[in-house]
Amino acid sequence: GRYPDGRPFVTGELIAGGSGAGPSSDGVDVIETDVTNCMNLPVEALEMDTPIRVHRLALRRDSGGPGVHRGGLGLVKEYEILEGEVTFTYRGERHFFAPQGANGGDPGAFAAAVITRASGEREVIPSKRMATLGVGDRVVIEAAGGGGNGPAREREAALVRADLADGKIGREQAEASYGLSAAADLS
């Protein structure tokens, strides 16, 4: 993109997903498993250096594959263009093939990305795309979670309750995937 004075700016970011669960532990949330020696781009640094606002940065609830050991969670990040036009390049993975579970564990969530234009028009981004974004356009990126390991119904109830309390899973997943009933097990 360009600053209001015409100078160009470039920014890049690795959007990390969750790692797959191991045979004795949950997957790691929001970790870059393919590239090393890379850090996340702090929201404050991006907003101070570019005309881009980050409206949301959070763990993506229910993205880790259910299992005795749950897959790591991906993240969700929402950007808005504040000034000018920006050339946006997106290269994502796991949009069409979910991260598989192991030993009876369930797959992690697919990745997803959407552009919402200032007009309200929505454009689903396939795994690869270049687009021109304008003022008020927003991009939401949801990274895939890792696959679970082992049958979800065998996960310790205390761990499911902790995941629920931490916002890593919702009640629906606690009930449907892990078999805990709201009345008896989730209180």
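The hydrophobic cluster containing Phe97 also includes Phe96, under a criterion of side-chain heavy atoms closer than 4.5 Å among ILVMFWY residues, counted directly or through chains of members.
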Salt bridge (charged side-chain N to carboxylate O under 4.0 Å, His left out) between Asp62 and Arg171, worked out: CA-CA 10 Å; Asp62 293 330; Arg171 281 190 175 271; over 6 Å; no

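Taking 4.5 Å as the limit, some side-chain heavy atom of Pro151 sits within range of a side-chain heavy atom of Val68. The shortest distance between side-chain heavy atoms of Leu75 and Leu59 does not fall below 4.5 Å. Ile52 is listed as a side-chain neighbour of Ile81, based on a closest heavy-atom distance under 4.5 Å. A heavy-atom distance below 4.5 Å is found between the side chains of Tyr178 and Ile169. Using a 4.5 Å cut-off on side-chain heavy atoms (C-beta onward), Asp49 and Tyr3 make contact. No side-chain heavy atom of Ile141 sits less than 4.5 Å from a side-chain heavy atom of Val76. Residues Thr50 and Glu83 are not in side-chain contact: their nearest non-hydrogen atoms beyond the backbone lie 4.5 Å or more apart.
Counted within 6.0 Å of CZ on Arg153, heavy atoms from surrounding residues, nucleotides or ligands total more than 12; the atom is thus considered enclosed.
Of all the heavy atoms in Leu164 and Gly170, the pair that sits closest is CD1-C, 3.5 Å. Between Leu41 and Lys77, the shortest heavy-atom contact is O-NZ, 3.7 Å. Scanning both residues, Ala109 and Pro99, for their nearest heavy atoms gives O-CD, 3.7 Å. Closest of all the heavy-atom pairs between Glu175 and Leu180 is CG-O, 3.0 Å. Pairing each heavy atom of Pro51 with each of Phe9, the nearest pair is CD-CE2, 3.5 Å. Gly108 approaches Ala98 most closely through the heavy-atom pair O-CB, 3.6 Å.
A donor-acceptor pair under 3.5 Å is formed between the side chain of Asp29 and the backbone N or O of Leu73.
Distance check, rounded to the nearest 0.5 Å: CG of Asp163 to CZ of Arg70 gives 4.0 Å. Within the model, atoms CD of Glu13 and CG of Leu46 stand 6.5 Å from one another, a figure rounded to the nearest 0.5 Å. Between His69 atom NE2 and Asp26 atom CG the span is 7.0 Å, to the nearest 0.5 Å. Atom CD of Glu142 and atom OG of Ser63 lie 9.0 Å apart (nearest 0.5 Å).
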Below 3.5 Å, can you tabulate the donor-acceptor pairs from side chains in residues 123-135 to any protein atom, sequence neighbours excluded?
{"from": "Glu123", "atom 1": "OE1", "to": "Arg117", "atom 2": "NH2", "distance (Å)": "3.3"}
{"from": "Glu123", "atom 1": "OE1", "to": "Arg129", "atom 2": "NH1", "distance (Å)": "3.1"}
{"from": "Glu123", "atom 1": "OE1", "to": "Arg129", "atom 2": "NH2", "distance (Å)": "2.9"}
{"from": "Glu123", "atom 1": "OE2", "to": "Arg117", "atom 2": "NE", "distance (Å)": "2.8"}
{"from": "Glu123", "atom 1": "OE2", "to": "Arg117", "atom 2": "NH2", "distance (Å)": "3.4"}
{"from": "Lys128", "atom 1": "NZ", "to": "Gly92", "atom 2": "O", "distance (Å)": "2.7"}
{"from": "Lys128", "atom 1": "NZ", "to": "Glu93", "atom 2": "OE2", "distance (Å)": "2.9"}

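Val139 and Phe110 fall into different hydrophobic clusters, where Ile, Leu, Val, Met, Phe, Trp and Tyr side chains are chained together by heavy-atom contacts under 4.5 Å. Side-chain heavy atoms closer than 4.5 Å link hydrophobic residues (I, L, V, M, F, W, Y) into clusters, and following such links, possibly through other members, connects Val30 to Tyr90.
Ion pair Lys168/Asp166 not flagged as a salt bridge, since none of the NZ, NE, NH1 or NH2 atoms sits closer than 4.0 Å to an Asp/Glu carboxylate oxygen.
Remark: Arg56 engages Glu78 in a salt bridge (Lys or Arg N to Asp or Glu O under 4.0 Å) (not counting sequence neighbours). With sequence neighbours excluded, the residues forming a side chain to side chain contact (heavy atoms under 4.5 Å, CB included) with Pro23 are Asn149, listed by chain and number. By the side-chain hydrogen bond (donor to acceptor under 3.5 Å, both in side chains) test, Arg91 pairs with no residue at all, sequence neighbours left out. Listed by chain and number, the residues in a salt bridge (Lys or Arg N to Asp or Glu O under 4.0 Å) with Arg94 amount to none (sequence neighbours excluded).
For the residue pair Tyr79 and Glu47, no side-chain donor N or O sits within less than 3.5 Å of a side-chain acceptor on the partner.
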